[in-house]
Amino acid sequence: PGAMQTRGKIIITCAVTGAIHTPTMSPYLPITPDQIATEAIAAAEAGAAILHLHARDPETGKPDQTPAAFARFLPRIKQGTNAAINITTGGSPYMKVEERVRPAAEFKPEVASLNMGSINFGLYHLVDKYETFKFDWERPHLEATRDLVFRNSFKDVEYILATCYDNGTRFEFECYDIAHLYNLSHFADRGLVKPPFLVQSVFGLLGGIGTHPEDVAHMKRTADRLFGDQFRWSVLGAGASQLRIAAQSAALGGNIRVGLEDSLWAGKGKLAKSNAEQVVLARKIIEGLGMEVATPDEAREILSLKG
Ligand SMILES: C[C@H](N)CC(=O)CC(=O)O
Ligand SMILES: [Zn+2]
């Protein structure tokens, strides 16, 4: 992806907590500002060059998209690591785009996520089943259907672009399906986004593309055709597919996203005890392939971040 990417340097992004997984799903999910800061810094020490951040209500663990909630851990993270900060504009699927973009608008991070299309979001525990979740490892998606649309209309995307653009913030373009690559190409044609594009391909979320190696190859092939050397490819696999998708990407010279936002596991039926544990597993894959993990400054160069 992108002949210009420093050969063999793979960027690891760590998505520390997210908004979808709930405290009852794993005792290791960071919830409080201290837990989020500690986990983020440890993930960076393990090799994450970019930290994708959401905030939560420390009491309930529910998503909190107020700038004040982010202010409770951002300074500590910036003090504790040189990793690039990536603030979510996805928030949770229940939020309006005006609320979702506020922290990125306020803190003007080097990176912010940008979801490139609306999708049906297969979830059920967000609302009223915080206390009752029981994960069935054998049939992961069986109970995960709830009639939710994660709205990211063309106007929503334009609104976030317009709000963040003059801050020098670059985007992690979250593409949950092939159509989202074409949406990104549409905004590129209109000159509303500038290369190199960090394309974060999302695999395995109910409502988006699957996790079959053909799905991964199809996303990459399509991105290559649409963006040539104007993009830097990264992938995330939801849940059980996380490391398998990571390995396929690294083998193709692509970048990797891990973290408890995307998966609670560190292998079959084994809860990850920390974000750093998943970063170490990703590092082993990369180094096992004879490649190197990019440092934060190498990631800044590869992605043309403002630093
Ligand atoms: C699958 C991930 N939860 C996508 C995500 O990280 C969205 C965002 O924060 O903008
Ligand atoms: Zn996120």
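Note that these values count all heavy atoms, side chains included, but never hydrogens, waters or copies made by symmetry. Counting starts at 1 for both ligands and their atoms, in listed order.
Under 4.0 angstrom from ligand 1, the non-hydrogen atoms of N115 all belong to its side chain.
Relative orientation of the F70 and F107 rings is tilted, given thresholds of 30° and 60° on the angle between their planes.
Taking 4.0 Å as the cut-off, H52 counts as a neighbour of ligand 1 on heavy-atom distance. In this structure, Q200 does not count as a contact residue of ligand 1, since none of its heavy atoms falls inside 4.0 Å of the ligand.
Here the protein heavy atom with the shortest distance to atom 10 (O) of ligand 1 is S113 OG, 2.7 Å. Scanning the protein heavy atoms around atom 5 (C) of ligand 1, the nearest turns out to be E261 OE2, 3.3 Å.
I119 is listed as a side-chain neighbour of H180, based on a closest heavy-atom distance under 4.5 Å. Side-chain contact check for Q200 versus H52: every heavy-atom pair is 4.5 Å or farther apart.
The NE2 atom of H52 and the NE2 atom of H54 meet at the Zn ion (ligand 2) at an angle of about 100°, given to 10°.
S201 and W233 are linked by a side-chain donor-acceptor pair at a separation below 3.5 angstrom, with hydrogens and angles left out of the test. Using modelled atom types, one finds a donor on one side chain and an acceptor on the other under 3.5 Å when comparing D64 with T66. Of the N and O atoms on the side chains of N115 and Y176, at least one donor lies less than 3.5 Å from an acceptor on the other residue.
Every pair tested for side-chain hydrogen bond (donor to acceptor under 3.5 Å, both in side chains) that includes a residue from residues 160-171 fails, sequence neighbours excluded, so the list is empty.
Those atoms of ligand 1 that come under 4.0 Å of a heavy atom in Y176, given as number and element, are 4 (C), 5 (C), 7 (C). Residue contact check: G90 has heavy atoms under 4.0 Å from atoms 8 (C), 10 (O) of ligand 1. The L205 neighbourhood of ligand 1 comprises atoms 1 (C), with distances under 4.0 Å to a heavy atom of that residue. Taking a cut-off of under 4.0 Å to the non-hydrogen atoms of R257, the atoms of ligand 1 that pass are 2 (C), 4 (C), 5 (C), 6 (O). Atom numbering of ligand 1 starts at 1 in the shown order; those under 4.0 Å from a heavy atom of H54 are 9 (O).
Close N/O approach between T89 and ligand 1 is not found [any backbone or side-chain N/O within under 3.5 Å]. Polar contact check, T88 against ligand 1: a nitrogen or oxygen pair lies under 3.5 Å apart.
The atom of E261 nearest to the Zn ion (ligand 2) is OE2, with the search restricted to N, O or S atoms.
One finds no salt bridge joining D156 and R100 here, because no Lys/Arg side-chain nitrogen approaches an Asp/Glu carboxylate oxygen to under 4.0 Å.
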Show me, pair by pair, the donor-acceptor contacts under 3.5 angstrom made by side chains of residues 184-199, not counting sequence neighbours?
unit_1, atom_1, unit_2, atom_2, d
H186, NE2, R190, NH1, 2.9
R190, NH1, E158, OE2, 3.1
R190, NH2, E158, OE2, 3.2

